[in-house]
Q: 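Below: one structure in C-alpha cells.
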Amino acid sequence: MNDDIILKFTNAELLIEDSAYKKIEQQENSLQFADSLIQDVSGSKSDLFILTGAIVDQFLQKNIANQIMSNYSPENVGIIDEEYDSLNKGNISQSKLLDIPFNFEVLQDASKKSYTNGEIKDFTSYFNSRFQKLKALLLKKPGLRDSYPMKDVGVRDDVVNVIGMVNDIRNTKNNHKIMEIEDETGFITVLIHNENHSLFEMAESIVKDEVVGVIGSKKGTLVIASDIIHPSVPRIEEKKMDFSAVFISDIHIGSSTFLDKEFQRFIKWINGDFGDEEQRKIANDVRYLVIAGDVVDGIGIYPHQEEELTIKNIYEQYEEAARFLGDINDIKIVIAPGNHDASRLAEPQPAIPEHYAADLYKIKNAEFVSNPSLVSLDGFKTLIYHGRSFDDIAMTINGLSHQTSDLIMKELIEKRHLAPIYGERTPLASEFEDHLVIDDIPDIFHTGHVHINAYKKHKGIHMINSGTFQSQTEFQKIYNIMPTCAEVPVLNQGAFKILKFT
Ligand code: D5M
Ligand code: FE
Ligand code: ZN
C-alpha cells in the first residue's frame, strides 16, 4: 500500500476500506485525488468514518458530472441531460411500481456489502468500525468534547474524560460496579459507587461491547465515575403522516402452529374486504406493509423441528407465503429476514435469497431488504430489525424481558446499536464495517422476534414490536412466553392502533 495515501486518511481520522484504497491508487494523481476526496467527505454532514469503495465511486461520478455541467452550452444540452441521468440512476427510488407513485427508498441495506474474507483482521476491523462510529457520535456530546486518549489518564491531573468500549462490567463484593473500558490507546478500570444512586441505577443497563463516555476522577489506579454518557439521540421533530403503514413479523408459515385462518382474515382486511366500517377505513389508506422477519418457519432451525412442521420443504414454505402475500393489492410490501428465514444467520442478514423464494420475488410490489435495514416510506425513515439481540439483552439486563421489548428498543436506541453484546446468542458477522450501529435516527423503529406486541414513543420515534401469526409453541411453553397472536400494529395517519384478527 502507498503509505502516503494511508497517512492522509489517518490524519483525517478516516478508516479506509481496501476497495476504496485500490480505486484511489488507480487515479492519475492519487495524492491530490485523496486530498480533494477528504475535503469532500469532511464537508458533508454525515457521520462518516469508513471510506468505502462506493463513496469513492460517488465522488468520481460527482466529479464527472461537474465536468459535464461545466461544459454546458445550449447546443449540447440534450446530451448533458442524458449523461447526467445515467450517472444518477443509482440514487433514484427503487420503487418497482411505476404506475403508483410510492415514495419508497432503500436508505441502508447490507445485502451486498459483505467484505469479509474470513481473516482475523476483519474481526479487528469490525470492532474498530463500531468504536469509531460510536465515538464520533459521543464526541458531539457537550460533556465529551474535551475527551482525551486513555493512555493519557495516568499522566494528567485533571478530570478524567474518555470514550471507550466496555470490556467487562461486574458487581464487586461490596455491591459497587467495576467496569473496564478501552480505546485504541489503552484501558482503564472504572468504579461506579453504589452511593451515587442515579448513576449506579443507570449503570445496571450497561452491557459488554457497547461504547460509552466516562467522566470521573482518579483514585490510585481506579477512575471513580461521576457521569457515564451514552451516544443517545436528540428528540426528533415529528412529521405529519397522511397514510397508514402496517407492521407484522413472525408469520412462521409452514409451522403446524401457523395461524392460517387468522392470516387469511388479515389479508382480506388489508385488501378492504374484512372488518367493520372503522377497520375498513383504516385499510383503505394503508400504503405499506413491513415484515420484520420470520416469514416462514424454515427447516433445521431447532432440534426435531420437522415434528412441528406442516410444510417440510423450504421452497414450498416460501411458495405458500407467496400465495398469501401475492393476494395483496396496491400496497408496497417490504420484506426483511429473521432467524427462521433462508438467509445467512449472522447479522447483518442479507435479504432472503431469490433462489429460495422465487414466487415471492414475482410479487411486483414486494421489496427485499437486509436485517437490519433502513427504508423510507413516503419520507418516514423506518429502521427494520428482526430482534434476535433481544434474547441477549433480556438475559443480561436486570428488569428487561421478552415482555418489555419496548424498553429493550429504548436501550438500543440510546446505545445507538442494534446488537451490542458480542458472542452470546446473536451471531454477528465479522465484517469490515459494523452495519448494526444506528447511524441514522429513524422516525419508526420496527422489530419482531419476541412474538409479543409492544409500542412506545421514545423522543418522537415510534418504536413498534409486532407480535406473531403463530400460536404458542412447545419451546415457548417451556419458557412461559405468551405470544400476542394475530394482533396487528398499524400506524394510522400517525396514530398507533392494534387490529385483531383472532
Ligand atoms: O423466537 C420465538 C420466541 O422464542 C421469541 O419470544 C424469542 C424466544 N427465543 C428464541 N430463541 C431463544 C433463545 N435462544 N433464548 C431465549 N428465548 C428465545 P423465534 O425466533 O420465532 O424462534
Ligand atoms: Fe419468530
Ligand atoms: Zn425470530
Q: Sort out for me which residue in Glu411, Glu210, Arg416 forms a side chain to side chain donor-acceptor pair (under 3.5 Å) with His230.
A: Glu210

Q: Does any non-hydrogen side-chain atom of Phe263 lie less than 4.5 Å from one of Leu325?
A: yes

Q: Can a cation-pi geometry be assigned to Lys457 and Phe496, taking NZ or CZ under 6.0 Å from the six-membered ring centre and within 45° of the ring axis?
A: no

Q: Side chains of His386 and Glu347: do they bring a donor and an acceptor to under 3.5 Å?
A: no

Q: Would a 4.5 Å heavy-atom cut-off, applied to side chains only, mark Asn398 and Ser205 as touching?
A: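 Heavy-atom side-chain distance check fails, nothing below 4.5 Å.
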
Q: Please report the C-alpha distance between Ser244 and Asp285 in whole Å, then the side-chain angles of each, then the deciding distance to 0.1 Å, and finally whether the side chain to side chain donor-acceptor pair (under 3.5 Å) criterion is met.
A: CA-CA 6 Å; Ser244 297; Asp285 54 24; 2.7 Å; yes

Q: So Phe266 and Phe274, ring-ring contact (aromatic ring centres under 6.0 Å, His included) or not? Walk me through it.
A: CA-CA 8 Å; Phe266 164 72; Phe274 177 85; over 10 Å; no

Q: Hey, are Tyr315 and His355 close enough side-chain-wise for a donor-acceptor pair under 3.5 Å?
A: yes

Q: So does Lys268 pair up with Glu262, basic N to acidic O under 4.0 Å?
A: no

Q: Whether Lys281 and Glu277 form a salt bridge (side-chain N of Lys/Arg under 4.0 Å from carboxylate O of Asp/Glu) is what I want to check.
A: no

Q: Between His252 and Phe258, is the gap from one ring center to the other below 6.0 Å?
A: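 Not under 6.0 Å, so no.
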
Q: In this structure, which one of Asp434, Asp440, Asp439 forms a salt bridge (charged side-chain N to carboxylate O under 4.0 Å, His left out) with Lys133?
A: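 Per the salt bridge (charged side-chain N to carboxylate O under 4.0 Å, His left out) rule, the option paired with Lys133 is Asp439, out of Asp434, Asp440, Asp439.
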
Q: Angle class for the Tyr288/Phe102 ring planes (parallel below 30°, perpendicular above 60°, tilted otherwise)?
A: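 It falls in the tilted class, 30° to 60°.
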
